[in-house]
Amino acid sequence: MAAEENLYQPADLESRWQKHWEQQGTFAMGDADSRPKYYVLEMFPYPSGRLHMGHVRNYSIGDVLARFKRARGCAVLHPMGWDAFGLPAENAAIQRGVHPAVWTRSNIEAMRDQLKRLGLSYDWSREVATCDPDYYRWEQDIFLDMLDRGLAYKKGGLLNWCDSCQTTLANEQVENGLCWRCSTTVVQREMEQWYLRITDYAQELLEGLSSLPGWPAAVTSQQETWIGRSVGASIQFELVDAGSIPGVDGPLEVFTTRPDTLYGCTFMSLAPEHPWTRKLAEGTDQQDAVFAFVDRMGTTEKADRVDEKTEKEGVFLGRHAVNPVTGRPIPIYTANFVLADYGTGAVMAVPAHDQRDFEFADKYEIDKVVVIQPDGDALEPAVMTEAWTGQGVLVGSGDHDGLDNEAGKQAIVDELVAKGCGAASVNYRIRDWGISRQRYWGSPIPVIYCDGCGMVPVPRDQLPVVLPEDVEPDGEGGSPLIRHEAFWKVSCPTCGGEARRETDTFDTFMESSWYFLRYCSPHFLGGMVDPQMARSYMPVDQYIGGIEHAVMHLLYARFYTKVLRDLGHLEVDEPFANLLCQGMVCHETYRDEQGWLYPTEIRFETNTEVGPDGKERAVRKAFHKESGHEVTIGRVEKMGKSKHNTVDPEMLMQRYGADTARLFCLFASPPTKDLDWSDSGVEGCYRFLTRVWRLVTGRAAELAGAGSPEGRELSEDAVGLRRRTHQTIARVTDDIERRMQLNTAIAATMELLNNIVAFERDSNGKPRPLEDDDRAVLLEAVQMLLRLLSPFAPHITDELWQALGHDGLLEDEAWPESSADVASSATMSLVIQVKGKKRGVLEVAVDASEEEIKAAALAMPNVQKFVGDAPPRFVKYIPGRLVTIVPGG
RNA sequence: GCCCGGGUAGCCCAACCGGUAGAGGCAGGGGACUUAAAAUCCCCCGAGUGUGGGUUCGAAUCCCACCCCGGGUACCA
């Protein structure tokens with residue numbers, strides 16, 4: 001018997017269907033299509049060579065949506081490509097002697113193969129790889145446009161430098177003072193590099209966030225914080241020795257959000273890096289102290305400098321400025337807590353009303369002047385223990401005394417404007433995007449430096465500037481392009497003289513800032529995107545990826561979109577209408593004295609033990625497979641190499657097949673929440689598919705051609721199954737379309753299977769013989785089960801669909817509609833509550849009137865017992881749910 | 001510190017607008033099948049929702065205070 005059974009063997013059938021889809025072009029998308037478009041996009045991967053479980057989860061979510069929308073009649077654009085430039089390729093080259101291009105391309109091959117084996121419904125004809133000159137040439141082209149418009153510029157200054165990556169980093173790419181990629185402490189270096197004027201778009205980037213209700217608040221609020229808009233005033237402070245200080249011309253400018261406290265400003269603080277810090281001190285008797293302090297700050301790590309716990313310290317510069325409203329001279333200091341790159345790098349210090357200034361003034365015995373009195377309190381500088389930063393009424397502020405401090409802000413700004421030494425002003429924390437990288441494996445920056453002509457853009461007809469591949473990264477520091485004479489030695493496009501090419505390459509976030517556009521017309525030769533295709537497909541309707549890019553990729557892509565709109569390449573303001581950030585994939589950790597262990601090295605034992613409460617409970621222990629010793633089961637953490645708590649998707653696919661891998665990633669938790677890996681949970685999903693398989697293959701022959709259940713006189717059980725079938729259609733549809741709650745959609749299909757099995761079994765749990773009517777109902781239920789399951793587990797469902805005698809693909813079947821008539825039942829059960837406590841259940845016809853229901857509820861013996869004789873205070877009917885009664889008396 | 005999430009059976013999770021706390025899976029127990037085991041099938045057990053208050057006829061859900069976990073951010077003038 002067993003030998004004849006048709007076993008579920010995913011490996012074989014999955015590759016068969018994948019080939020079939022590819023040959024049929026099932027997921028390819030033509031451009032002339034009258035159906036409504038739906039663009040579903042998952043963040044494209046860096047081609048590391050192997051998928052990890054986070055990828056599987058990310059792409060499975062997107063694939064369900066793509067397949068669902070296709071079934072709902074949309075023209076679905078669902079592309080995939082490769083974020084192919086970047087450091088790991090160079091590191092691999094240095095460590096293993098493989099060229100980055102070779103390494104990257106073979107990784108792409110391997111990962112594309114893995115993606116195909118997952119059965120993801122991509123239109124592979126749109127695949128792009130960012131390291132392809134046909135791709136990055138358009139980035140170079142747009143860069144030249146930005147250069148023309150002044151949106152790209154080069155400047156020197158202090159930059160974030162990662163010594164491990166041997167390159168500069170943009171501000172967004174420094175996380176807690178560490179490199180986002182390798183967690184090395186970032187240091188400051190004086191360098192020249194290219195910038196994009198993202199600050200020109202700061203206000204629009206901020207305002208645009210409110211047009212994105214489909215984005216998680218966690219992301220929009222992070223971007224809002226990053227952009228950091230502050231409203232206040234810029235104020236000029238004249239210097240006491242104005243005009244006689246070499247290198248210092250004009251007043252000292254500050255930005256403040258508290259112009260209302262200006263009368264209380266008793267000193268100023270400059271960042272050690274402020275261009276005037278040394279100049280002001282030069283020649284005064286403070287010179288040596290100041291220079292020593294600035295030097296010391298220069299060698300202090302930024303992370304330590306900006307730690308709030310670091311004591312405030314500084315040095316008097318030996319100079320004074322004039323408070324523009326009081327006319328009093330105030331000392332100028334340099335202070336460690338003043339940031340060079342925020343505002344003007346100089347602050348007006350109001351010790352009575354700013355905690356930092358308060359501490360600083362305490363330490364250096366600087367006057368505190370109270371200019372805001374809180375309601376019902378009289379602040380006295382001598383006895384204050386901390387600054388008053390709250391609201392109050394202005395005092396000691398000349399004509400403004402008595403004003404509420406909020407009104408005082410405007411009043412004092414008005415005074416400054418009248419005096420010509422200040423104005424209302426808005427400041428942003430975001431700074432321009434530094435895009436030069438001193439690395440090889442990236443797109444060349446298309447400019448040339450000529451001694452005679454200066455910086456010269458590479459003429460358009462010479463694009464792309466192709467990254468030479470006859471280069472061997474050696475880890476010597478600096479881009480190897482510097483040592484590649486054939487690359488950098490060029491003649492000047494303007495004068496024909498000897499010139500040098502730029503040898504830095506673009507930040508790889510440049511490529512990922514517009515790849516979603518290239519997918520719209522991946523082979524277009526006239527520009528980065530065919531405007532007509534951009535019009536057809538943009539914006540992305542649903543973008544799916546990790547939240548780690550909240551202020552890197554997602555901000556840059558929004559910026560790029562606005563720039564490209566202004567350059568006439570597209571018409572949308574925002575690239576991604578809806579964003580879903582999937583949760584992390586987590587796994588238990590295991591360790592022994594030697595360190596972390598991989599799950600594959602562990603064997604488990606479960607025993608029941610009697611706990612201290614006398615109850616029996618299961619106790620799970622972990623043992624090292626090889627040595628047999630017990631190992632510690634640690635906490636559940638994000639899967640990662642460092643903790644060894646990874647599960648390889650490849651193993652999973654080989655053992656259970658792609659359908660199970662997909663199903664588990666979607667079933668174990670809702671898409672936006674973290675997913676705890678569980679081997680037994682995977683087994684459960686496999687078991688579910690096996691049950692579906694056995695059910696359908698066991699009944700296929702007799703079900704094929706069983707006909708429709710419509711218009712038949714059905715048994716009660718059959719009506720019940722039809723009802724569950726149609727209820728399930730409605731639930732799964734709603735769970736995917738409106739709620740994006742894929743775990744409960746799958747649970748609903750599991751429930752339907754349970755109902756189907758209960759229907760087709762006899763009292764001994766064996767398949768029972770079926771009448772015609774039952775066969776029709778069963779066929780409908782089974783077909784709906786397959787159709788509903790197909791976005792999640794596309795291979796097995798196609799196979800079983802065929803087994804039921806269908807020639808076409810399930811992918812070509814429309815999504816089913818739930819019939820409200822069939823889904824509803826004739827009666828409903830209502831809970832009857834008395835004073836909020838459940839006292840009975842009433843079975844009534846669904847069309848019973850409210851009066852009938854209330855009367856029936858009150859008539860129930862158990863209800864009467866609790867209601868008593870007095871007329872009830874009130875009786876309320878919650879339709880379809882319950883009747884609640886409050887007794888009178 | 002501040003800003004987001006999250007705390008529901010032994011575990012992962014449901015409960016959508018305030019209306020019967022349980023859909024689904026795992027684990028556990030029992031039974032059927034088997035020489036036996038695995039697989040399979042059937043049945044069963046199980047929490048009162050982190051804590052303390054409040055609103056309500058009724059709270060996992062709303063309000064207040066607090067605890068724990070995860071993420072982000074942190075001298076931003």
Complementary nucleotide of [N], counting Watson-Crick and G-U pairs under 3.5 Å:
N: G48(B); result: none
N: U40(B); result: A32(B)
N: A74(B); result: none
N: G5(B); result: C69(B)
N: C26(B); result: G10(B)
N: A60(B); result: none

Under 4.0 angstrom between [X] side-chain N/O and [N] OP1 or OP2:
X: Lys876(A); N: U56(B); result: no
X: Arg687(A); N: C26(B); result: yes
X: Asn743(A); N: A14(B); result: yes
X: Arg694(A); N: C41(B); result: yes

Heavy-atom closest contact (Val883(A) atom, Leu830(A) atom, distance):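 Taking Val883(A) first and Leu830(A) second, the nearest heavy atoms are CG2-CD1, 4.4 Å.
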
Roughly how far apart, to the nearest Å, are [N] and [M] at atom [atom1]?
N: C16(B); M: C68(B); atom1: C1'; answer: 28 Å
N: C63(B); M: G18(B); atom1: C1'; answer: 13 Å
N: G50(B); M: C57(B); atom1: P; answer: 24 Å

[X] [atom1] to [N] [atom2], straight-line distance once rounded to whole Å:
X: Glu751(A); N: C13(B); atom1: CD; atom2: C1'; answer: 14 Å
X: Ile746(A); N: C26(B); atom1: CD1; atom2: P; answer: 14 Å
X: Leu842(A); N: G19(B); atom1: CG; atom2: P; answer: 20 Å
X: Ile736(A); N: C16(B); atom1: CD1; atom2: C1'; answer: 16 Å

Contact letters for nucleotides 68-77 of chain B, in which S counts primed atoms plus P, OP1 and OP2 and B counts the base, heavy atoms under 4.0 Å: --S-S-BBBB

Base, sugar-phosphate alone, or nothing: which one does [X] contact when heavy atoms must sit under 4.0 Å apart?
X: Phe874(A); result: base
X: Lys835(A); result: sugar-phosphate
X: Ala217(A); result: nothing
X: Pro670(A); result: sugar-phosphate
X: Arg691(A); result: sugar-phosphate

Plane angle bin for His587(A) and Tyr590(A) - parallel if under 30°, tilted between 30 and 60°, otherwise perpendicular: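 Tyr590(A) and His587(A): perpendicular rings.
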
Arg356(A)/Glu359(A) salt bridge by N-O under 4.0 Å criterion: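 Looking at Arg356(A) together with Glu359(A), the answer is no, because their closest N to O distance does not fall below 4.0 Å.
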
Arg731(A) bridged to Asp735(A) by N-O distance under 4.0 Å: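 Asp735(A) and Arg731(A): not salt-bridged.
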
Between Asp432(A) and Thr199(A), a side-chain donor and acceptor under 3.5 Å: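 Checked: Asp432(A)/Thr199(A) side chains pair up, N/O donor to acceptor below 3.5 Å.
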
Pair Thr660(A), Tyr8(A): side-chain N/O donor-acceptor within cut-off below 3.5 Å: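 Note: Thr660(A) and Tyr8(A) side chains miss the donor-acceptor criterion.
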
Look at the side chain of [X] and decide which nucleotide, out of [options], has an atom nearest to it.
X: Asn754(A); options: A14(B), G19(B), G24(B); value: G24(B)
X: Gln741(A); options: C4(B), A14(B), G19(B); value: A14(B)
X: Thr884(A); options: G24(B), C26(B), C57(B); value: C57(B)
X: Val757(A); options: A27(B), C42(B), G24(B); value: C42(B)

Heavy-atom donor-acceptor pair, Arg761(A) side-chain to C42(B) base, under 3.5 Å: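 No pair found.
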
Side-chain donor/acceptor of Ser680(A) to base of C26(B), under 3.5 Å: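 No.
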
Comparing Ala747(A) and Leu675(A) on RNA chain B - which has the more 5′ nearest nucleotide: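 Between the two, 5'-proximity favours Leu675(A).
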
Residue whose nearest RNA chain B nucleotide is more 5′ - Gln833(A) or Arg739(A):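 Its nucleotide being nearer the 5' end, the pick is Arg739(A).
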
Student check: side-chain heavy atoms of Leu689(A) and Tyr656(A) closer than 4.5 Å: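 Result no, sub-4.5 Å side-chain heavy-atom pair not found.
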
Sequence neighbours excluded, every pair satisfying salt bridge (charged side-chain N to carboxylate O under 4.0 Å, His left out) that has a member inside residues 659-671 of chain A: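 Qualifying pairs, neighbours excluded: Asp63(A)-Arg662(A).
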
Residue pairs involving residues 337-351 of chain A (criterion salt bridge (charged side-chain N to carboxylate O under 4.0 Å, His left out); sequence neighbours excluded):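 Applying salt bridge (charged side-chain N to carboxylate O under 4.0 Å, His left out) to every pair that reaches into residues 337-351 of chain A, excluding sequence neighbours, yields Lys302(A)-Asp341(A), Asp341(A)-Arg431(A).
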
Glycosidic conformation of G48(B), taking syn as within 90° of 0 and anti otherwise: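 G48(B): syn glycosidic orientation.
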
